[in-house]
Each structure stands twice: as structure tokens, then as C-alpha cells.
Amino acid sequence: MDNYVLVRPEHLNHYGYLFGGMMLKWIDEIAWLAASLDFPGYSLVTVTMDKVIFKHRVENGSILKFITLPEKIGRTSVSYNVTVEADAPGAKEVVEVFSTNVKFVAIDGDGKPVALPQEIQLRSGKVP
């Protein structure tokens, strides 16, 4: 599942580049959207993001592409690989700026884990 975001001035840090916290917010939100489409009717909460390594700074006006693919379905959890590419203004090539794995757990009204369906047609892609 692909999503796009335009980096605007309100997303920048004091150095004039994308604030890392904004990137993490977008990744969490976009991965949650994929999980919610794949498991409608389930309450899903983020439990882990496996690594936080910013590979390149991101300029104002860049178009970010978030590529979100399901990675693994567990009994109560599901994980997605998220890769972020940046197309900076005037750039001749797109560069990967970030990648991570985000894991969600399905919970009930009391916050206890609940089982996810194992035989399911995912809307965001196929699990490898």
C-alpha cells in the first residue's frame, strides 16, 4: 500500500529539514491505516517499531512515498515493513530515507490481546 506526503514548512526542525518526530508520526499512522484496512473491526495498537535510522535529511517541498507491506501475522499481532522514499524538489532521483518494521497488537475493550484471523485476504498486500 502506497501513501504520499508533501513536506511543508510546519514539518521542519530548527535546521530547516524534516523533524524526525514528524516522520515517526507519519510512519505509525500510515502503518496503522494499512493494518486497519486489513483487519476491519479490530482495535489495533502500536507495540514496536524495530529501528529508527534516518538515512538522509529531507528537504522542504519533498514528496515522501510511504511503501507499507505486511510482513507477518501472528496470533494476536501483525507487522508491516514501511519504507520511505523522498523525491526532493529538483532532484534527479528518488532516495530511500527511512525504513522500519511496525508491529500492532489487536486488543479488546479491556486492553487484553485478542486473536486475529489467520486466513484472511489482506487489502494492503500479501504476507511473504
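The analysis underlying the following values was restricted to heavy atoms, covering all of them including side chains, and did not include hydrogens, waters or symmetry mates.
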Closest non-hydrogen contact found for G61 with L6 is O-CD1, 3.6 Å
Determine, using the 4.5 Å side-chain heavy-atom cutoff (strictly less than), whether V84 and I63 are members of one ILVMFWY cluster. no
Taking side-chain contact (heavy atoms from CB on, under 4.5 Å) as the test, write out the residues that go with L37, two or more places apart. M1, R123
What's the separation between atom CZ in F104 and atom OG in S43, rounded to the nearest 0.5 Å? 13.0 Å
Could you give all pairs that pass the salt bridge (charged side-chain N to carboxylate O under 4.0 Å, His left out) test and reach residues 110-122, with sequence neighbours left out? none
Any side-chain donor near an acceptor of the partner, D50 and T48, under 3.5 Å: no
Partners passing side-chain hydrogen bond (donor to acceptor under 3.5 Å, both in side chains) against T46 (at least two apart in sequence or in another chain): D28
Pairing residues for K25 by the side-chain hydrogen bond (donor to acceptor under 3.5 Å, both in side chains) criterion, not counting sequence neighbours: E29
Could you name each residue pair satisfying salt bridge (charged side-chain N to carboxylate O under 4.0 Å, His left out) that touches residues 3-16, not counting sequence neighbours? R8-E10
To the nearest 0.5 Å, what is the distance between OG (S62) and CZ (R57)? 11.0 Å
Is there a continuous path of hydrophobic side-chain contacts, each under 4.5 Å between heavy atoms, that joins W32 to V102? yes
Could you grab the distance from atom CD1 of I30 to atom OG1 of T68, nearest 0.5 Å is fine? 6.0 Å
Those residues that, when tested against S77, pass side-chain hydrogen bond (donor to acceptor under 3.5 Å, both in side chains) (two or more places apart): none
With ring pair (Phe, Tyr, Trp, His ring centres under 6.0 Å) as the rule and sequence neighbours excluded, what pairs involving residues 59-81 come up? none
So the salt bridge (charged side-chain N to carboxylate O under 4.0 Å, His left out) pairs with at least one residue in residues 58-70 (sequence neighbours excluded) are D2-K65
Look at the side-chain heavy atoms of Ile, Leu, Val, Met, Phe, Trp and Tyr, link any pair under 4.5 Å apart, and say whether I27 and Y4 land in one connected group. no
Return the OG1 to CG distance between T83 and N101, rounded to the nearest 0.5 Å. 10.0 Å
Under the side-chain hydrogen bond (donor to acceptor under 3.5 Å, both in side chains) test, residues paired with N3 that sit two or more places apart: none
Besides I67, the hydrophobic cluster formed by Ile, Leu, Val, Met, Phe, Trp and Tyr side chains linked at under 4.5 Å, directly or via other members, contains L69
Do F19 and L12 share a hydrophobic cluster (ILVMFWY, side-chain heavy atoms under 4.5 Å, transitive)? yes
Reported CD-to-NZ distance for the pair E71 and K103, which is rounded to 0.5 angstrom: 10.5 Å
Does any part of the side chain of L116, heavy atoms only, come nearer than 4.5 Å to the side chain of Y42, both counted from C-beta? yes
Just wondering, do V78 and F39 contact through their side chains at under 4.5 Å, heavy atoms? yes
Tracing side-chain contacts under 4.5 Å among Ile, Leu, Val, Met, Phe, Trp and Tyr outward from V105 reaches V45, V47, I107
Report the distance from atom CD1 of I120 to atom CD1 of I73, rounding to the nearest 0.5 Å. 6.5 Å
Could you tell me whether a side-chain N or O of D38 sits under 3.5 Å from a main-chain N or O of S124, the two making a donor and an acceptor? yes
Cut-off 3.5 Å, no hydrogens considered: what does the side-chain donor-acceptor table look like for residues 90-99, sequence neighbours left out?
from: E96; atom 1: OE2; to: K55; atom 2: NZ; distance (Å): 2.4
from: S99; atom 1: OG; to: K55; atom 2: NZ; distance (Å): 3.2

Side-chain contact test, heavy atoms from C-beta onward, threshold under 4.5 Å: evaluate it for L64 versus M23 and give yes or no. yes
